[in-house]
Amino acid sequence: MIIRPGGRLPVDPPAGPAEPPGAGARMRPRLAILPPGTRGRPHFHDAQATAIHIVSGETEVWHGDGLTQRWVAQAGDVVCVPLGAPHLTVNRGDVTAIAVVSLADHPDQAGTVVIELPRHLAGLLALPVAAGS
């Protein structure tokens with residue numbers, strides 16, 4: 001789900017709950033930088049919910065089973081990714097996208113699971129993966 005400044009929801013939330021971190025979890029923020037013409041790796045977090053606050057730029061967020069759904073997130077948006085939901089970020093713009101990514105840190109977390117890029121997104125293979133992705 002994307003939350004825009006002012007609380008507007010410009011897109012329908014994904015199927016399934018965006019579960020909050022459980023008792024004993026803490027949010028672990030990090031800075032993510034996606035230069036123009038780059039992408040992240042398609043992945044999911046098996047035991048972590050994710051909140052992404054877009055600080056600058058604009059990114060495509062491919063998500064859902066088979067990465068078939070697409071949102072466009074822009075500066076000021078907060079993207080909430082439910083645990084276990086596959087997602088991929090792409091910066092096709094000409095401005096560096098910067099985001100604060102916060103993961104719910106559980107003591108028994110499984111970590112990040114990288115998945116293959118689906119065939120319908122094969123054109124993204126021409127974009128380099130951003131450093132640190």
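Across all non-hydrogen atoms, the minimal contact from Pro29 to Val100 is CB-CG1, 4.1 Å. Of all the heavy atoms in Gly57 and Val95, the pair that sits closest is CA-CG1, 4.2 Å. Here the shortest heavy-atom pairing between Trp62 and Val90 reads CD1-CG2, 4.0 Å. Heavy atoms only, all atoms of each residue included: Ile33 and Ala130 are closest at O-CB, 4.0 Å. Among all heavy-atom pairs drawn from Thr59 and Ala97, the shortest one is CG2-CB, 3.4 Å. Closest approach of Leu67 to His120, counting heavy atoms only: O-NE2, 2.9 Å.
With hydrogens and angles disregarded, no donor-acceptor distance shorter than 3.5 Å links the side chain of Arg30 to the backbone of Val101. Using modelled atom types, one side-chain atom of Asn91 and one backbone atom of Leu34 make a donor-acceptor pair closer than 3.5 Å.
Residues Arg39 and Val129 have side chains in contact (heavy-atom distance under 4.5 Å, counting atoms from C-beta outward). Between Glu58 and Asp77 the shortest side-chain heavy-atom distance does not fall below 4.5 Å. Using a 4.5 Å cut-off on side-chain heavy atoms (C-beta onward), Ile52 and Ile54 make contact.
Using a 4.5 Å cut-off between side-chain heavy atoms of Ile, Leu, Val, Met, Phe, Trp and Tyr, with links allowed through other members, Val55 and Val78 fall into different hydrophobic clusters.
The list of salt bridge (charged side-chain N to carboxylate O under 4.0 Å, His left out) pairs with a residue in residues 83-102, not counting sequence neighbours, reads Glu60-Arg92.
Taken from OG1 in Thr89 to CH2 in Trp71, the straight-line distance is 13.0 Å, to the nearest 0.5 Å. In this structure, the separation between CG on Leu124 and CG on Leu88 is 6.5 Å, given to the nearest 0.5 Å.
For His43, the ring-ring contact (aromatic ring centres under 6.0 Å, His included) criterion is met by His45, His87, not counting sequence neighbours.
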